[in-house]
Amino acid sequence: MPLPRLGTRSHRLRTAPTVFLVLAVALALVALCSGGSGGSGQKKTAARGLVVEVSESHCGRGWTRPGPGTQTFDLHNTSDGAAEVYLEDPGTHAVYGEVEGIGPGTTRQLTVRVGKGAYAFMCVPDDADAVTGPTVRVTGGQRGPGAAPVTEHDLIPPALAYQKWVGGGLSTAVRLSADLKNAIDRGDLAAARSAWLPAHLQYERLGAAYDAFGDADGEINGTDAGLADGVHDKDFTGFHRIEYGLWHGESASGLRAPAAALVKALTGLRDSWAQSRMDPAQLGLRAHEILENTVQFELTGRTDYGSGSNLATARANLDGTREVLSRLRPLLTTRYADLPGLDRELTRAGETLDGSRHDGRWTALDRLTRNQRERIDSQLDDLVERLASVATLCDPRRTV
């Protein structure tokens with residue numbers, strides 16, 4: 001059986017959701033609970049906690065002696081179906097901890113720092129209405145930070161704003177790609193090499209929309225991964241096909257058809273984009289995945305076909321991440337306590353990447369010193385971790 005074509009950006013975005021959400025929940029619990037963790041990351045050897053029932057009829061039963069400090073709850077699902085559980089303030093609905101996907105008859109742990117205030121467990125069965133358990137009051141201590149849940153309705157305005165921005169970005173990508181095609185058509189390969197990078201970077205900035213682009217993304221920005229004949233395969237198309245030809249001595253006549261196909265694919269995507277609909281629930285997840293993919297594909301050089309422009313692409317991906325965050329900022333301002341820290345680290349990473357550009361040329365990965373490489377890797381890795389919390393905080397939660 002031939003290998004699937006894994007190199008397209010849209011496929012990159014589909015590789016992570018299930019695994020990522022488990023990771024993101026654990027990371028977000030650190031943010032929400034100030035050092036607590038829950039969900040599937042809990043080790044089997046963890047100390048036994050207070051058993052709390054998860055069911056439609058007795059949600060939250062078992063927490064009878066509340067006290068301040070760090071509490072570990074063994075959430076035991078006695079119902080016939082899977083459920084997720086939130087520990088919230090019943091008045092404000094701020095969430096202090098959550099565990100997803102507790103199967104029937106199973107137990108999962110949640111560790112939370114509780115303090116003065118009211119709490120209640122909300123049990124959300126997969127196929128039934130949410131149920132809120134009894135209110136429990138803690139009389140002393142300081143509670144960990146909470147975050148109000150985000151609903152799909154909350155995410156519609158930022159998703160529409162982002163989608164409109166993408167439409168303008170596609171128009172620019174079409175124009176810049178037409179410049180690339182024109183240079184190839186007239187046989188000026190030096191001009192084509194100069195035109196290739198601006199066109200490619202413009203497309204790369206649209207990172208959170210790739211999954212909504214569908215098959216068109218593979219035509220526009222696919223790689224040769226999984227193709228039987230590699231870079232010589234007829235299905236190797238788009239920016240990277242042209243990149244390979246421009247930096248490996250291919251003639252202009254051999255690149256005219258790929259350039260025309262690229263402009264056609266981009267034009268078709270631009271023209272159909274107004275009728276497309278991005279999933280608002282995925283916007284926060286995509287903010288994380290843009291840089292996750294950058295670390296996986298750009299900082300490893302897996303998408304370099306001769307131009308040595310991976311760091312330029314990483315910079316464009318950073319810009320794309322900022323665009324998503326700018327639309328999510330009204331939701332994050334009141335939910336993500338370390339948003340200023342994220343902003344600082346985004347700026348810092350941008351300055352580091354900009355330092356790899358000299359006289360209009362970007363340093364290739366293999367020309368970086370060890371210290372330069374480690375600095376870039378550590379800064380991007382740190383951002384990926386921070387953005388995991390953004391994804392979790394923007395993950396829509398059922399409230400009914």
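Arg348 places no side-chain N or O within 3.5 Å of a backbone atom of Arg344 that could act as its donor or acceptor partner. The backbone N or O of Pro125 lies less than 3.5 Å from no partner atom in the side chain of Glu84, so there is not a single donor-acceptor pair. Distance alone, capped at 3.5 Å, is enough to place a donor-acceptor pair between the His248 side chain and the Tyr244 backbone. Between the side chain of Arg143 and the main chain of Ala118, a donor-acceptor pair closer than 3.5 Å is present. In this structure a side-chain-to-backbone donor-acceptor pair under 3.5 Å is missing from Arg108 to Val99. Between the side chain of Ser177 and the backbone N or O of Val174, no donor-acceptor pair lies under 3.5 Å.
Between the side chains of Asn221 and Glu204, at least one donor-acceptor pair of N or O atoms lies under 3.5 Å. Using a 3.5 Å distance cut-off with no hydrogens or angles, the side chains of Asn77 and Thr107 do not pair a donor with an acceptor. The closest side-chain donor-acceptor pair between Thr237 and Glu219, if any, does not fall under 3.5 angstrom. Looking at Thr352 and Gln379, their side chains do bring a donor and an acceptor atom within 3.5 Å of each other.
Rounding to the nearest 0.5 Å places CD1 of Ile376 at 11.5 Å from CG of Asp381. Atom-to-atom distance recorded for Leu262:CG and Ile184:CD1 is 8.5 Å, nearest 0.5 angstrom.
By the 4.5 Å heavy-atom criterion applied to side chains, Met278 and Trp273 are counted as neighbours. For the pair Tyr119 and Val138, the minimum side-chain heavy-atom distance is below 4.5 Å. Annotation: side chain of Leu332 is not in contact with side chain of Leu342 (no heavy-atom distance under 4.5 Å). Two residues are said to be in side-chain contact when any heavy atoms from C-beta on lie closer than 4.5 Å; Asp229 and Asp224 fail this criterion. Glu374 places none of its side-chain heavy atoms less than 4.5 Å from the side chain of Asp377. Between Arg386 and Leu346 the shortest side-chain heavy-atom distance does not fall below 4.5 Å.
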| said: side-chain contact (heavy atoms from CB on, under 4.5 Å) for Phe213 and Leu170? Distances and angles first, verdict last. | reply: CA-CA 11 Å; Phe213 290 166; Leu170 285 171; 4.1 Å; yes
| Please walk me through it: do Arg397 and Thr151 pass side-chain contact (heavy atoms from CB on, under 4.5 Å)? | CA-CA 6 Å; Arg397 292 167 173 81; Thr151 66; over 6 Å; no
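The pair Asp188-Arg193 does not meet the salt-bridge criterion, since no charged nitrogen lies less than 4.0 angstrom from a carboxylate oxygen.
Exactly one residue among Tyr305, Phe297, Tyr203, Trp247 makes a ring-ring contact (aromatic ring centres under 6.0 Å, His included) with His240. That residue is Tyr305.
Leu255 and Leu176 sit in two unconnected hydrophobic clusters of ILVMFWY residues. Membership requires side-chain heavy atoms under 4.5 Å apart, directly or through other members.
Within a 6.0 Å sphere centred on CZ of Arg367, heavy atoms belonging to other residues, nucleotides or ligands number 12 at most. For CG of Asp80, the number of neighbouring non-hydrogen atoms (other residues, nucleotides, ligands) closer than 6.0 Å is 12 at most.
Taking the salt bridge (charged side-chain N to carboxylate O under 4.0 Å, His left out) definition, one finds that Glu323 meets it with Arg327, sequence neighbours left out.
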